[in-house]
Protein chains: 2
Amino acid sequence: MPNTELSSAVNTLEMPENPHTDNVLCLENQVCFSLYSAANAMVRAYRPMLDKLDLTYPQYLVMLVLWQEQGISVKTLGDKLFLDSGTLTPLLKRLESKGLVSRGRSDQDERVRVLCLTPSGQALKREASEIPHLMRCKIGAELDDLKALKAMCDKALAQLHASID
Amino acid sequence: MPNTELSSAVNTLEMPENPHTDNVLCLENQVCFSLYSAANAMVRAYRPMLDKLDLTYPQYLVMLVLWQEQGISVKTLGDKLFLDSGTLTPLLKRLESKGLVSRGRSDQDERVRVLCLTPSGQALKREASEIPHLMRCKIGAELDDLKALKAMCDKALAQLHASID
DNA sequence: ATGATTTAAATTGTGTGCAATATAATTGTG
DNA sequence: CACAATTATATTGCACACAATTTAAATCAT
């Protein structure tokens, strides 16, 4: 629709930009930037709490999964967290070296790792149990807002997974 | 609303968990995990488009800012993007080595960098101008939903910034 | 004016994310 | 049964994020 050619000729040094391009490429109009910034801020906000458990946020996510279900493979874990072995293998080695997780092998299939919690890993669940409440205070939003935010993130995630490329 | 208590008793091997704890620490109830996953998926979705411009997503954000306003400092850029010099300095050096950005020094204050676009950096705006539209197709959401998502991310971000620890 | 404080960038080190590739075990096929 | 294709992890390399520290320049306070 608009005069793209004209504006970029001008663009390069001194003159008013193409209003369309300018609008669209404006930081304030970028949903994705808001998403990205909010996610970064969220991880930062978790840090002081997770420091007390000697966990990073991705490590905390892995623990959440294992507190729910043990004996799963790296593949299953990756499917739940939308992360691949390139991320998870070193992360799981760190959790193992902290004595929280064991990385066994399946008897049926020598390729697959069987991920379980050590007693310390299990015990850490109790210390973690207050984190969700503390975090809800930090975000300080209404429950309905949080539900709506989660619903929309899940929807966007599903859409992005659907359109693989 | 299934029998969460019953199932988690089985979970751990021997002991019934606190049903409250179990619910709260469940991955499916984590707003932050949705936010985190959506943000990761979003960056992944940008990748094939940004590859054509030889930019990463954070580099694209820097270019968005500089397409709007040049001659700003690293500090100002960091304030806009919520990123610090530890992230931006190496990123800006990469943009400089690609010939997109110049990193001058202020005359008034020798400490501050003055960030400007090279002609190539300016010219890249034209190629980038189609990205927002392509991205909107990938997310495939209604405009109202996107506005709502952005509004809630911005609100959460503001809250998290307000409660500095 | 000078020493202390503040400020802007840069540096260092750790831990992701993820593409690309490698390795090894399992499965499918003729 | 051999052998090609698939699958589960692991490895490598690059680019963030960010805490912590350092360096150097500017400002403040006496």
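Every heavy atom of this structure was used, including side-chain atoms; hydrogens, water molecules and symmetry mates were not.
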### Task
Indicate yes or no: does B:R103 engage B:E96 in a salt bridge with an N to O separation below 4.0 Å.
yes
Side-chain heavy atoms of [X] within contact of [Y], under 4.5 Å:
X	Y	value
A:W67	B:C26	no
B:Q30	A:M135	no
A:P48	A:K138	yes
A:L77	A:V74	no
A:L66	A:L95	no

### Query
Is the shortest side-chain N/O distance from B:T56 to OP1 or OP2 of D:dA15 below 4.0 Å?
no
### Message
Can you see if the side chain of A:R105 gets near the phosphate of D:dA8 - specifically, an N or O under 4.0 Å from OP1 or OP2?
### Response
no
Would you mind reading off the distance between [X] atom [atom1] and [N] atom [atom2], rounded to a whole angstrom?
X	N	atom1	atom2	value
B:R94	C:dA10	CZ	P	13 Å
B:Y36	C:dG15	OH	P	15 Å
A:Y46	D:dA17	OH	P	19 Å
A:L50	D:dA17	CG	P	19 Å
A:Q59	C:dG15	CD	C1'	8 Å
A:L88	D:dA10	CG	P	10 Å
A:K93	D:dT12	NZ	C1'	12 Å
A:K75	C:dA25	NZ	P	20 Å

### Task
Report yes or no: does A:S129 contribute a side-chain atom to a donor-acceptor pair with the main-chain N or O of A:R126 at less than 3.5 Å?
yes
List, with names and distances, any nitrogen or oxygen atoms from the protein found under 3.5 Å away from nitrogen or oxygen atoms belonging to nucleotides 18-20 of chain C.
from	atom 1	to	atom 2	distance (Å)
C:dC18	OP1	B:R44	NH1	2.3
C:dC18	OP2	B:R44	NH1	2.8
C:dC18	N4	A:G86	O	3.3

### Query
Is C:dG30 paired to anything, Watson-Crick or G-U wobble with both distances less than 3.5 Å, and if yes, which nucleotide?
D:dC1
### Query
Which residues pass the side-chain hydrogen bond (donor to acceptor under 3.5 Å, both in side chains) test with A:K98, sequence neighbours left out?
A:Q59
What does the list of N/O pairs under 3.5 Å between the protein and nucleotides 25-27 of chain D look like, with a distance for each?
from	atom 1	to	atom 2	distance (Å)
D:dA26	OP1	B:E110	N	3.0

### Task
Would you kindly compare B:Y57 and A:I72 by the position of their nearest DNA chain D nucleotide and give the one closer to the 5′ end?
A:I72
### Message
Classify A:L91 by what it touches in the nucleic acid, base, sugar-phosphate, or nothing, heavy-atom distance under 4.0 Å.
### Response
sugar-phosphate
#### Entry: Side-chain H-bond candidate by donor/acceptor type, B:S73 with B:T76, under 3.5 Å
yes
